[in-house]
S.K.: 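Sending over a structure as structure tokens; questions will come in a sec.
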Amino acid sequence: MPDYILAFLIALVVAFAITPGVIFLADKTGAMDEPDARKVHKKPIPRIGGLGIYAAFMAAMLKPPARWPVWPRAKRAMALLCMMPPITG
């Protein structure tokens, strides 16, 4: 199996497994975005969904293949992208 397929499958499984926990955490900590007149959603949605995405990405990158020389930079870029929505509001 190619390395990129394995990385995708790991990320997919981790994302599906961790998403309910992130939703629960968001609900318990109050990190939910409430609907109002300017928003499209009709019920509260979690604001920290990037944590689940980041965890799935990092799980897939735990043991990167040797031919992925950019993975340290990719890891930092993914961390910044996941943190942008909470920072920018």
Side-chain angles (χ1 to χ4, degrees):
M1 177 181 305
D3 293 332
Y4 60 90
I5 300 276
L6 180 62
F8 171 77
L9 291 175
I10 291 170
L12 181 71
V13 168
V14 170
F16 272 109
I18 204 167
T19 297
V22 171
I23 293 170
F24 178 78
L25 178 67
D27 190 34
K28 291 299 177 188
T29 61
M32 300 291 282
D33 189 26
E34 300 293 331
D36 63 18
R38 295 179 23 190
K39 297 181 180 162
V40 178
H41 56 278
K42 303 295 182 206
K43 59 182 184 173
I45 60 169
R47 298 178 112 184
I48 57 173
L51 290 177
I53 295 168
Y54 182 70
F57 175 79
M58 291 308 295
M61 296 290 116
L62 281 177
K63 186 164 186 336
R67 65 176 185 258
W68 289 5
V70 298
W71 101 267
R73 286 179 284 186
K75 182 173 74 169
R76 286 190 295 274
M78 189 67 178
L80 289 173
L81 287 175
C82 288
M83 291 305 295
M84 280 185 77
I87 292 171
T88 60

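Not measured: the values here are computed from a predicted model.
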S.K.: With Lys43, which residues qualify under salt bridge (Lys or Arg N to Asp or Glu O under 4.0 Å), at least two apart?
M.R.: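 Scan of Lys43 (salt bridge (Lys or Arg N to Asp or Glu O under 4.0 Å), adjacent residues dropped) gives none.
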S.K.: Do Val13 and Leu6 sit in one hydrophobic cluster, given that two such residues count as connected whenever their side-chain heavy atoms are within less than 4.5 Å of each other, even indirectly?
M.R.: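 Per the 4.5 Å side-chain linkage, Val13 and Leu6 are not co-clustered.
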S.K.: Any chance you could measure Glu34, atom CD, to His41, atom NE2, to the nearest 0.5 Å?
M.R.: 7.5 Å
S.K.: Is atom NZ of Lys42 surrounded by more than 12 heavy atoms (other residues, nucleotides or ligands) closer than 6.0 Å?
M.R.: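 Check fails, neighbour count at 12 or below.
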S.K.: What's the shortest heavy-atom distance between Ile18 and Ala55, and which atoms?
M.R.: CD1-CB, 3.7 Å
S.K.: Grab the two heavy atoms, one from Pro44 and one from Pro35, that are nearest each other, plus how far apart they are.
M.R.: N-CD, 3.8 Å
S.K.: Would you name the heavy atoms of Ile48 and Ala31 that are closest together and state the gap between them?
M.R.: CG2-CB, 4.0 Å
S.K.: Which pairs of donor and acceptor atoms, one on a side chain in residues 21-29, lie under 3.5 Å apart (sequence neighbours left out)?
M.R.:
{"unit_1": "Thr29", "atom_1": "OG1", "unit_2": "Leu25", "atom_2": "O", "d": "2.8"}

